[in-house]
Amino acid sequence: MHIDILSAVPRLLDSWFEESILKRAQSKGLVEIEVHDLRIWSTDKHKRLDDYPFGGGAGMVMSVVPIHRAITELRAKRTVDEVIYMSPDGELLSQGLANSLSLKGNLIILCGHYKGVDERVREHLITREVSIGDYVLSGGELAAAVLSDAVIRLLPGVLGDETSALSDSFQDGLLAPPDYTRPADYQGWTVPEVLLSGHQARIEAWRAEQAQERTRQRRPGLLGRSDETGA
Ligand code: SAH
């Protein structure tokens, strides 16, 4: 998979992809991530990316010109499956959406800033719009990092234990059961006996029951929904 991220503030994403699981995914060659400074494509002599909104009003709007030039250049390099704009009014990110994007080859992710982008970008250049939640951030970079992380950890080989992504919350429409590690008794805080029993069938049954119970208590709306894995 190849992910191109277009940003007005690329340095915001400097460290995110350089640590831990996402770094390993890149060094294993499972994903290539390129964060591009949109200013490269600015035709303005001061390399500006934004301008005043037509009709007046507060805030600045990102111009269609550098964004169009950037996407055109990247599309000429490789077949792009989706050009995603991070936007609070986009489709809400879910595990189902992350699953379906993890099956794609190449993605471009556009981060907005200021008031957002000229509407013509959305009409003509974007194939998908994704929100990470019903709140407004000052830029799309954090949202792009969230989306990329959710997608990349699903790529085969990225997580050390192949089965661990499958047992995560939401993957089967349920929240994950609780986990414990050593010590088994920490100052009287003990671990459920069954996990120490070595009896795998009983352990699996306990985990399944805990997942059901936790989902019923915390997110009852997830129960009976079947759209989390496919999308
Ligand atoms: N004026 C816009 C908000 C712009 S916020 C509106 O009212 O809808 C600036 C940028 O931050 C957006 O262009 C988008 O890329 C990003 N952003 C803000 N909140 C986001 C969210 N919840 N999900 C994804 N991206 C978001």
Side-chain angles (χ1 to χ4, degrees), residues 1-13 16-17 31-94 96-152 154 227 230-231:
M1 173 177 274
H2 189 102
I3 303 179
D4 289 296
I5 301 180
L6 298 174
S7 165
V9 200
R11 275 189 301 138
L12 284 175
L13 289 167
W16 190 258
F17 299 111
V31 63
E32 291 166 41
I33 302 162
E34 279 184 80
V35 182
H36 305 275
D37 187 343
L38 271 169
R39 281 183 179 74
I40 298 168
W41 290 282
S42 173
T43 48
D44 178 86
K45 67 172 184 292
H46 303 296
K47 296 287 167 203
R48 277 178 49 173
L49 294 170
D50 60 329
D51 212 329
Y52 295 98
F54 280 129
M60 303 295 274
V61 178
M62 285 175 76
S63 160
V64 61
V65 180
I67 296 172
H68 182 218
R69 297 180 72 217
I71 292 173
T72 306
E73 188 175 318
L74 295 174
R75 274 190 176 283
K77 279 192 187 164
R78 59 182 69 85
T79 311
V80 174
D81 297 297
E82 298 277 8
V83 183
I84 301 168
Y85 174 48
M86 303 312 302
S87 182
D89 59 4
E91 176 184 359
L92 209 51
L93 178 59
S94 64
L97 177 56
N99 284 338
S100 76
L101 291 175
S102 74
L103 303 174
K104 310 273 182 188
N106 302 311
L107 307 175
I108 295 177
I109 304 178
L110 172 64
C111 306
H113 238 269
Y114 321 112
K115 265 170 87 70
V117 297
D118 186 308
E119 189 66 17
R120 290 167 292 182
V121 169
R122 306 176 70 169
E123 283 169 8
H124 301 291
L125 303 174
I126 296 299
T127 62
R128 193 152 203 164
E129 300 185 330
V130 177
S131 164
I132 63 162
D134 290 345
Y135 41 81
V136 178
L137 304 165
S138 52
E141 286 74 16
L142 276 175
V146 168
L147 175 65
S148 312
D149 187 318
V151 168
I152 292 167
L154 294 171
D227 61 340

As an exercise, state the distance from CG of Leu13 to CG of Leu142, rounded to the nearest 0.5 Å. 8.0 Å
Evaluate Leu6 against Cys111 for side-chain contact (heavy atoms from CB on, under 4.5 Å), listing each step before the verdict. CA-CA 6 Å; Leu6 298 174; Cys111 306; over 6 Å; no
Nearest heavy atoms of Arg48 and Ser42, plus distance in Å: O-OG, 2.8 Å
To the nearest 0.5 Å, tell me how far Asp50 CG sits from Met60 CE. 4.0 Å
Ile33 CD1 to Ile5 CD1 distance, which is reported to the nearest 0.5 Å: 6.5 Å
Would you mind reporting whether Leu107 and Val83 have side-chain heavy atoms less than 4.5 Å apart? no
Within the 4.5 Å heavy-atom criterion, are Leu101 and Glu82 side-chain neighbours or not? yes
Is the closest side-chain heavy-atom distance between Val151 and Met1 below 4.5 Å? yes
Is there side-chain contact between Ser138 and Tyr114, with at least one heavy-atom pair below 4.5 Å? no
Is there a side-chain contact (heavy atoms from CB on, under 4.5 Å) between Ile84 and Leu110? Walk through the geometry before answering. CA-CA 6 Å; Ile84 301 168; Leu110 172 64; over 6 Å; no
Val117 and Val61: side-chain contact (heavy atoms from CB on, under 4.5 Å), yes or no, with the steps? CA-CA 5 Å; Val117 297; Val61 178; 5.8 Å; no
Spacing of Glu129 atom CD and Glu91 atom CD [to the nearest 0.5 Å]: 10.0 Å
For Asp81, salt bridge (charged side-chain N to carboxylate O under 4.0 Å, His left out) partners two or more places apart: none
Run the numbers on Leu74 and His36 for side-chain contact (heavy atoms from CB on, under 4.5 Å), then give the verdict. CA-CA 10 Å; Leu74 295 174; His36 305 275; 3.9 Å; yes
Roughly how far, to the nearest 0.5 Å, is the CZ atom of Arg122 from the CG atom of Asp89? 4.0 Å
Between the CD1 atom in Ile109 and the OH atom in Tyr85, the distance rounded to the nearest 0.5 Å is 13.5 Å
Could Asp37 and Lys47 be called an ion pair, given the rule that one side-chain N must be under 4.0 Å from one carboxylate O? no
Provide the full list of side-chain hydrogen bond (donor to acceptor under 3.5 Å, both in side chains) pairs with a residue in residues 54-80, sequence neighbours left out, each pair given once. His2-Arg78, Asp4-Arg78, Trp41-Glu73, His68-Thr72
